[in-house]
Protein chains: 2
Amino acid sequence: MPLPQTEMPGRLQAHFAERGIRMTQQRRAILRVMETATKHLDAAQLLRKAQKLDASVDRSTVYRTLQLLKRHGLIDELDLMHIHGEGHYYERKLNRDHIHMACLRCGKIMEFVSDIFEKLKGQVEKDCRFRIVVSRLEIGGYCAGCRGAK
Amino acid sequence: MPLPQTEMPGRLQAHFAERGIRMTQQRRAILRVMETATKHLDAAQLLRKAQKLDASVDRSTVYRTLQLLKRHGLIDELDLMHIHGEGHYYERKLNRDHIHMACLRCGKIMEFVSDIFEKLKGQVEKDCRFRIVVSRLEIGGYCAGCRGAK
DNA sequence: GATTCAGTTGCAAACGAGTCGCAACTATAG
DNA sequence: CTATAGTTGCGACTCGTTTGCAACTGAATC
């Protein structure tokens with residue numbers, strides 16, 4: 001299930017340059033992993049993959065870089081309904097928000113883009129006079145394949 | 001900001017009886033706290049309040065009871081955008097799902113019920129052939145009062 | 001290219017939320 | 001009243017994440 005690639009690899013690095021954020025060997029490795037990831041990664045997976053590019057990358061640097069990316073609104077943080085433990089998953093923020101669905105039986109993660117979701121956010125902004133910065137809709141349930149069984 | 005009280009206090013206890021779940025002193029205290037809570041509680045707050053009703057209540061019993069309530073679909077688990085740390089918050093599941101909005105500046109939590117949200121869930125069920133069991137929409141941003149400032 | 005220094009790093013220790021194994025206890029059915 | 005399956009408190013533990021600190025380094029300036 002490849003993520004939609006609506007942005008070029010290298011864009012995260014470009015964002016850093018634009019904003020005058022210092023680029024280091026370690027950050028380059030971590031950003032490259034985020035840019036080329038084809039699925040949602042947690043911090044441990046991100047660390048392992050980044051260490052293949054630069055063996056010196058440390059766990060704490062991964063966490064610090066994730067905070068940095070979050071603060072700049074370049075990634076989204078997900079729970080995926082805590083299907084695999086208490087940790088978090090990360091993905092690059094792309095043009096359009098999407099919904100995450102997690103199958104409680106087979107663990108599959110699905111994504112879904114919806115105009116109704118955009119409309120809902122518009123309603124919240126208008127009716128609640130609330131300025132939305134980040135939104136997260138996660139759904140747990142049973143996917144088409146698992147609905148029949150159990 | 002009181003939660004909508006569309007169910008009577010005592011309903012959680014009634015659910016337990018209906019389903020033949022054993023009722024203990026400690027559970028009675030914990031359920032009573034959940035039933036009368038006027039805001040979202042985390043496990044530590046729930047423990048403190050429950051201990052005022054029954055001093056013997058232990059942390060692990062609180063967690064075990066929360067798992068039980070979750071498994072029976074009687075409570076919802078929230079992150080509230082991790083505004084106050086990594087823990088979780090709990091609230092009784094009421095008739096209608098609602099959206100949670102967290103102000104990134106003042107920390108206020110707001111709730112919002114929307115037909116469009118119901119419609120969106122309907123779309124997911126239909127278009128993705130996905131049977132929804134639990135859903136969570138959390139939004140971070142700036143509330144009406146804080147939008148001007150900063 | 002050398003100098004400078006704020007920003008960044010690895011390390012190890014600490015943290016907080018949540019879980020678990022176990023022996024003692026207790027709510028409920030018979 | 002008894003039997004027993006379910007529940008409890010306790011303490012030790014796991015796991016994801018954060019922190020303080022001394023050493024290092026990117027990049028701006030000369």
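Chain letters run A, B, ... following the sequence lines, proteins first and then strands; every chain starts at 1. Remember, predicted model here, so these are calculated numbers, not experimental data.
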**Message:** Checking contacts here: which listed nucleotide (C:dG7, C:dC11, D:dT8) is nearest the side-chain heavy atoms of A:R22?
**Reply:** C:dG7
**Complete:** Rounded to whole Å, CG of A:L68 lies from P of D:dT18 at a distance of 13 Å
**Request:** Using atom CZ of B:R59 as one end and atom P of D:dA12 as the other, report the distance to the nearest whole Å.
**Result:** 12 Å
**Close side-chain approach of A:T61 and A:Q26, heavy atoms under 4.5 Å** = yes
**Message:** Closest approach to the side chain of B:R27, judged atom by atom: which nucleotide of D:dT17, C:dT9, D:dT8 is it?
**Reply:** D:dT8
**Request:** Identify which nucleotide among D:dG9, C:dG18, C:dT8 has an atom closest to any side-chain atom of A:I21, counting heavy atoms from C-beta outward.
**Result:** C:dT8
**Item:** Separation of C:dC15 P from A:Y63 OH (nearest whole Å)
**Value:** 18 Å
**Asked** For the base of C:dG7, is there a side-chain donor-acceptor partner from A:R64 under 3.5 Å away?
**Response** no
**Fill in**
Regarding the side chain of B:Q67, the nearest nucleotide among C:dT19, D:dT17, D:dG26 is C:dT19
**Message:** Strictly below 4.0 Å: does B:H88 bring a side-chain N or O up to OP1 or OP2 of C:dA17?
**Reply:** no
**Request:** Taking only Lys NZ, Arg NE, NH1 and NH2, and the carboxylate oxygens of Asp or Glu, determine whether B:K70 and B:E77 approach each other closer than 4.0 Å.
**Result:** yes
**Fill in**
Between CG of A:L47 and P of D:dT18 the distance, given in whole Å, is 14 Å
**Message:** Using whole Å, what does the distance between atom P of nucleotide C:dA14 and atom CD of B:E86 come to?
**Reply:** 21 Å
**Complete:** Of the listed C:dT9, C:dT28, D:dT8, the closest approach to the B:M23 side chain comes from C:dT28
**Request:** Could you check how far CD of A:Q51 sits from C1' of C:dG10, rounded to whole Å?
**Result:** 11 Å
**Message:** Measuring only between side-chain heavy atoms, which start at C-beta, is B:L68 closer than 4.5 Å to B:Y63?
**Reply:** no
**Pairwise 5' ranking along DNA chain D for A:S60 and B:D54, keeping only the more 5' one** = B:D54
**Prompt:** Of all the nucleotides listed (D:dG9, D:dT17, D:dT18), which has the minimum atom distance to the side chain of B:T61?
**Reply:** D:dG9
**Prompt:** So, is A:Q26 close to the C:dT8 phosphate, meaning a side-chain N or O under 4.0 Å from OP1 or OP2?
**Reply:** no
**Prompt:** Is there a side-chain polar atom (N or O) of A:T24 under 4.0 Å from OP1 or OP2 of C:dG7?
**Reply:** no
**Prompt:** Between atom CG in B:D58 and atom P in C:dG18, what is the gap in whole Å?
**Reply:** 14 Å
**Item:** Carboxylate-amine/guanidinium contact B:R96 B:D115, below 4.0 Å
**Value:** yes
**Nearest-Å distance for atom pair NE2/P, residues B:H84 and C:dG16** = 17 Å
**Request:** Inspect the contact between A:R136 and A:D79 and indicate whether a charged nitrogen and a carboxylate oxygen are less than 4.0 angstrom apart.
**Result:** yes
**Asked** What nucleic acid atoms does B:A44 come within less than 4.0 Å of, heavy atoms only: base, sugar-phosphate, or nothing?
**Response** nothing
